[in-house]
Amino acid sequence: GAGVSQSPSNKVTEKGKDVELRCDPISGHTALYWYRQSLGQGLEFLIYFQGNSAPDKSGLPSDRFSAERTGGSVSTLTIQRTQQEDSAVYLCASSSSMGGGTDTQYFGPGTRLTVL
Amino acid sequence: KNEVEQSPQNLTAQEGEFITINCSYSVGISALHWLQQHPGGGIVSLFMLSSGKKKHGRLIATINIQEKHSSLHITASHPRDSAVYICAVIARKAAGNKLTFGGGTRVLVKP
C-alpha cells in the first residue's frame, strides 16, 4: 500500500468492552506512533515503537491502554474496559526515522472510537 | 501553560488574502512540523523545519530558533486551503520523534 492504513475506520462500543485498533505502517518504516485526538484535549502522543527497541509508553493515559507491534510492522492498540472518555480519533503514524527528528511522519486516516 | 501555543485559534479570510498562523513553544526542539487536517480528513505533514525557511507552492514556513517561534504563511489563499493547521514540535529531550502538538488554527477561506 502507498500509505498508512488503519482499521476499523469507525468503532462504536459499549462502556466496559475491550477494543482493538489496527495500524499498518508504510512498508519499511521502522518508527510507528499512536496519537489520540479528542474534542477536549486536541492531539496527544500515546506510544512510540522504534525497530526492536522497547516502546516508549510515556503517553498512555492508563493501564487499560496497551499496544504491541508484531514483526516490526503491524501494530495493535488495545483498550480494555473502555470508558466514555476514551471516545476519540486514534491516529497512527509511521516514519523511516532512526531518531534525530529529521524525518516526516506519515499519518493514517484514523479510527473514530465512540464509547456509549 | 502548554508547551506549544498557536494563534489565532480561528481565522477567516477572503479568497486571495495573505494568511499568517503563529506558533510559539517553550522547550528546546530538534524539529518543528506544520500539519494540515481537512474536515473529516486525515492529517498531512506540510513542512518539517529545524531552521530557516521552507516554501512549497503558496505555503511558506519560517522558524526562529532563538525566539522559539514559527510562522506558517499562505499566499493568495483559496477556499481549498480551509482546514485546521497544527504546529507540532519534537522536543530535544524527548526520546524518539514523538510530537507535542499545538491546539490548531481553524482557517476558513471564503470565496
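Chain letters run A, B, ... following the sequence lines, proteins first and then strands; every chain starts at 1. Note that the structure is predicted; figures quoted are calculated from it, not measured.
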Margin query: Between B:Val84 and B:Leu35, is there shared hydrophobic-cluster membership here, with clusters defined by ILVMFWY side-chain heavy atoms closer than 4.5 Å?
Written below: yes

Please check if atom CG in A:Asn52 has more than 12 non-hydrogen atoms from other residues, nucleotides or ligands closer than 6.0 Å. no

The interface call for A:Ser53 against chain B, heavy-atom contacts under 4.5 Å, is neither

Single-linkage hydrophobic cluster B:Phe101~B:Tyr25, side-chain heavy atoms < 4.5 angstrom = no

Assigning hydrophobic clusters by single linkage (Ile, Leu, Val, Met, Phe, Trp, Tyr; side-chain heavy-atom cutoff under 4.5 Å), is A:Val74 placed with A:Leu77?
no

Determine whether more than 12 heavy atoms belonging to other residues, nucleotides or ligands lie under 6.0 Å from atom CD of B:Gln14.
yes

Honestly, the part of A:Tyr106 sitting under 4.5 Å from a heavy atom of chain B is neither

Subject >> Verify same cluster id: B:Ile65, B:Phe47 (apolar side-chain graph, 4.5 Å) >> reply: yes

Same apolar cluster: A:Val115 and A:Val19, side chain cutoff 4.5 Å: yes

Any side-chain heavy atom of A:Phe107 within less than 4.5 Å of one from B:Val44?
no

Between B:Ser45 and A:Gln105 the two heavy atoms that sit nearest each other are CB-O, 3.9 Å

Rounded to the nearest 0.5 Å, the NZ atom of B:Lys98 sits from the CZ atom of A:Phe45 at a distance of 4.5 Å

Turns out that what part of B:Ile29 lies under 4.5 Å from chain A's heavy atoms comes down to neither

Under 4.5 Å to a heavy atom of chain A? For B:Leu32 that would be neither

Turns out that what part of A:Glu44 lies under 4.5 Å from chain B's heavy atoms comes down to backbone

Interatomic distance, CG@A:Leu43 vs CD1@B:Ile43, rounded to 0.5 Å, equals 4.5 Å

When rounded to the nearest 0.5 Å, the distance separating CG of A:Leu91 from CG of B:Leu99 is 11.5 Å

